[in-house]
Amino acid sequence: MNHLKKLRGMVDLLPEQTPIWQAIESLARTHFVRAGISEIRTPLLEATELFSKGIGEETDVVGKEMYSFLDRGERSCTLRPEGTASVIRAVLENGLLNKGMQRLWYAGPMFRYERPQAGRQRQFHQLGVEFIGLNQTRSDAEVIALAWNLLQDLGLNNLELEINSLGDEEDRKTFRSQLVNWLQSRESALDTDSQKRLLQNPLRILDSKNSQTQALLEKAPKLHSSLSKESQKRFASVQIHLQALDIPFKINDRLVRGLDYYDQTAFEITSPQLGAQSTVCGGGRYNRLIEQLGGPPTPAIGWAIGLERLILLIQQISQENPSGKAALLSKINHPDIFLINKGADAEKKALVISQELRAAGFIVELDCSSGAFNKQFKRANRSGARWALVIGDDEMRTGQIRLKNLDHSLKQNDPIQNEQLHPLNNLESLMESLRTQATPNKNN
RNA sequence: GCGGGCGUCGCCAAGUGGUUAAGGCAGCGGCUUGUGGCGCCGCUAUUCGGGGGUUCGAAUCCCCUCGCUCGCCCCA
């Protein structure tokens with residue numbers, strides 16, 4: 001077992017974990033359908049240039065986290081580190097903007113070459129939304145509400161929505177020079193990372209985790225006060241709409257986000273229960289990106305949810321409250337019927353019956369072991385199935401199939417409910433009985 | 001890229017220099033050729049992530065390496 005191991009930062013999703021993924025995906029899909037949002041699927045692999053141009057050369061994602069390599073034609077390729085750039089590329093390349101504004105969602109794996117830690121992997125999964133061609137502040141609120149409502153519907157309490165306005169390019173330019181001026185005279189008080197950023201990306205200093213730097217920033221110039229009248233009005237309007245939707249939020253003056261393309265509204269949804277990597281959902285407006293990638297000037301806004309972090313949260317909340325909504329999501333589909341069978345003729349008949357029952361909509365597990373009956377019963381019990389259906393030589397002889405309720409509590413006291421006989425050649429009465437006595441699966 | 005913690009069976013582990021590496025769970029087989037929850041019995045690591053060294057003797061000490069994990073940076 002030493003050789004065939006997955007690469008660092010890659011993760012297998014095992015059968016017991018996939019139900020929760022499916023539950024999230026299906027709930028998300030219904031939210032998107034209701035909101036008139038269509039799915040888009042783009043390649044995992046893109047030309048490196050798309051991301052360096054789109055996300056920004058100076059960002060950490062592009063500078064040190066891209067999963068890049070040369071293909072056989074010596075082209076530089078990169079496994080997508082995020083979804084937005086690819087979606088915009090696809091929209092432009094396929095002329096979708098000619099059909100008007102686009103409301104899109106996507107889901108799938110993303111790749112960043114970083115050291116893994118809790119809530120961070122090299123291959124991870126995002127679920128994202130992009131509204132392209134809209135600049136009204138109502139669309140900001142709608143996009144945020146979409147994320148918020150989905151997370152609520154997944155049973156997540158305890159989330160915090162933080163919003164900020166980064167203003168437009170002009171606003172940021174004036175703020176940047178103010179901030180740099182102010183900080184330069186106090187450079188020695190900054191932590192070393194922030195000192196480096198003073199030259200490269202000074203706005204990022206604002207969300208430094210260093211407490212001394214944070215204390216210093218208390219007195220620094222505020223981004224808010226550099227916003228133009230229009231940007232301020234815009235931000236106020238976003239807030240009014242969020243209030244109208246009863247979505248609680250906090251304004252975080254320090255929220256700047258690490259991708260270069262953000263403009264105006266930026267937001268994050270975090271959970272205090274996640275440890276160091278606490279952001280579940282991040283997003284914002286990006287009104288310049290499309291032009292930057294060669295398209296017509298087009299406003300847009302979007303977000304992405306990190307699915308691994310989301311699932312981490314759901315699992316924590318499920319533990320705290322095993323009967324809550326979040327806990328129901330990881331429910332496993334146990335079979336309705338476990339088919340116990342032994343003997344050449346019986347096994348052939350059982351195979352046929354299993355198909356008929358499945359065609360009728362029942363979840364059926366067929367035991368193919370030809371093993372002793374007591375072994376098969378043990379497996380039936382473990383499978384979590386509600387019913388055991390038994391076919392052996394005796395049943396073939398009498399033409400009666402045996403249906404047993406596997407519910408433990410019924411064993412001794414109620415033999416009638418515990419075992420029934422049904423004709424082998426006409427499954428109608430069996431199916432009828434299964435339907436009318438349909439009970440929820442035991443074992444969650 | 002930089003720090004901290006950890007690597008003994010599929011999982012959880014005891015063992016911290018002395019001759020056969022506890023135990024529990026799961027798995028398989030039996031008690032019980034055709035009837036499940038319980039019980040009892042048996043089986044399942046020539047080997048302690050890998051390599052090298054010290055020693056009469058190493059899972060236990062030293063060095064190197066690989067992997068996992070948490071944190072920093074940054075992000076979902």
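Proteins come first, then strands; the chains are lettered A, B, ... in the order of their sequence lines, and each starts at number 1. Remember, predicted model here, so these are calculated numbers, not experimental data.
A straight line from NZ of A:Lys404 to C1' of B:rG34 spans 10 Å, rounded to a whole angstrom. Rounded to whole Å, atom P of B:rG36 lies 11 Å from atom CG of A:Leu406. Between the CZ atom of A:Arg379 and the C1' atom of B:rA26 there is a distance of 15 Å, given to the nearest Å. The CZ atom of A:Phe373 sits 10 Å away from the C1' atom of B:rU33 (whole-angstrom rounding). A:Lys6 places its NZ atom 12 Å from the C1' atom of B:rU69, with the value rounded to the nearest Å. One can place CG of A:Leu14 at 12 Å from P of B:rC11, the figure rounded to the nearest angstrom. Across the protein-nucleic acid pair, A:Leu154 atom CG and B:rA76 atom P stand 19 Å apart, rounded to whole Å. Spacing between atom CD of A:Gln376 and atom C1' of B:rC28 amounts to 16 Å, rounded to whole angstrom units.
As rounded to the nearest Å, B:rC40 and B:rA26 have P atoms that lie 12 Å from one another. With both ends at atom C1', the span from B:rA13 to B:rC48 equals 13 Å, rounded to whole Å. Taking atom C1' in both B:rA14 and B:rG4, one finds a spacing of 26 Å when rounded to whole Å. On the C1' atoms, B:rC9 is 12 Å away from B:rC25, given to the nearest whole Å. Here the separation of B:rU46 from B:rA59, taken at their C1' atoms, is 14 Å to the nearest Å. The same atom, C1', is picked in B:rU16 and in B:rG57; the two are 16 Å apart, to the nearest Å. The gap from the C1' atom of B:rU8 to that of B:rU44 amounts to 16 Å, rounded to the nearest Å. Taking atom C1' in both B:rG49 and B:rU60, the straight-line distance is 16 Å, to the nearest Å.
At a threshold of 4.0 angstrom between heavy atoms, the contacts of A:Gly282 are confined to the sugar-phosphate backbone, with no base atom among them. The residue A:Val280 sits close only to the backbone: its heavy atoms come under 4.0 Å of sugar-phosphate atoms, none of a base. Using a 4.0 Å heavy-atom distance criterion, A:Gly343 is classed as making no nucleic acid contact. Residue contacts for A:Gln123: at a heavy-atom cut-off of 4.0 Å it reaches no nucleic acid atom on any strand shown. Using a 4.0 Å heavy-atom criterion, one finds that A:Glu308 contacts no nucleic acid atom at all.
At least one side-chain heavy atom of A:Leu156 sits under 4.5 Å from a side-chain heavy atom of A:Leu310. Side-chain atoms of A:Val129 and A:Phe32, non-hydrogen and from C-beta on, do get closer than 4.5 Å to each other. A 4.5 Å side-chain heavy-atom check between A:Arg309 and A:Gln277 finds at least one atom pair inside the cut-off.
Looking at the side chain of A:Asn381, the nearest of the listed nucleotides B:rC73, B:rG34, B:rG36 is B:rG36. Here B:rG71 is the nucleotide among B:rU35, B:rG67, B:rG71 with the atom lying nearest to any side-chain atom of A:Gln117. Set against B:rU35, B:rC28, B:rA76, the side chain of A:Arg402 has B:rU35 as its closest nucleotide. In the set B:rC73, B:rG71, B:rG34, the nucleotide with an atom closest to the side chain of A:Asp60 is B:rC73.
In this structure, A:Glu49 places its CD atom where only 12 or fewer heavy-atom neighbours from other residues, nucleotides or ligands lie under 6.0 Å away. Atom NZ of A:Lys53 sits in a sparse spot, with 12 or fewer heavy atoms from other residues, nucleotides or ligands closer than 6.0 Å.
Judged by Watson-Crick or G-U wobble contacts below 3.5 Å, the nucleotide B:rG36 has no partner. Under the Watson-Crick or G-U wobble criterion, with both distances below 3.5 Å, B:rU54 is left unpaired in every strand shown. Using N1 to N3 plus N6-O4 or O6-N4 for Watson-Crick, or N1-O2 and O6-N3 for G-U wobble, each under 3.5 Å, B:rC73 pairs with nothing. Base-pair partner of B:rA14: not found among the strands shown (Watson-Crick or G-U wobble, both distances under 3.5 Å). Nucleotide B:rG29: paired with B:rC41 (Watson-Crick or G-U wobble, both distances less than 3.5 Å).
Salt bridge A:Asp393/A:Lys342: absent, no basic N to carboxylate O contact under 4.0 Å. We find that A:Asp263 and A:Arg172 are joined by a salt bridge, their nearest charged nitrogen and carboxylate oxygen being less than 4.0 Å apart. Between A:Glu39 and A:Arg41 a salt bridge is recorded (basic side-chain N to carboxylate O distance below 4.0 Å).
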What does the list of N/O pairs under 3.5 Å between the protein and nucleotides 1-5 of chain B look like, with a distance for each?
| unit_1 | atom_1 | unit_2 | atom_2 | d |
| --- | --- | --- | --- | --- |
| B:rC2 | N4 | A:Arg115 | NH1 | 3.2 |
| B:rG3 | O6 | A:Arg115 | NH2 | 3.3 |

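Nearest-nucleotide assignment on RNA chain B puts the 5′-proximal partner with A:Ala118, out of A:Arg257 and A:Ala118.
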Passes side chain to side chain contact (heavy atoms under 4.5 Å, CB included), A:Phe69 versus A:Cys77? Steps please. CA-CA 6 Å; A:Phe69 57 89; A:Cys77 304; 4.2 Å; yes
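Judged by distance alone with a 3.5 Å cut-off, a donor-acceptor contact links the side chain of A:Asn374 to the base of B:rU32.
Phosphate contact (OP1/OP2 of B:rC66, side-chain N/O of A:Arg8, threshold under 4.0 Å): absent.
Ring-base stacking between A:Phe377 and B:rG36 is not satisfied when judged by a centre separation under 5.5 Å and a plane angle under 30°.
Ring pair A:Tyr67/A:Phe111 is perpendicular by interplanar angle, where above 60° counts as perpendicular and below 30° as parallel.
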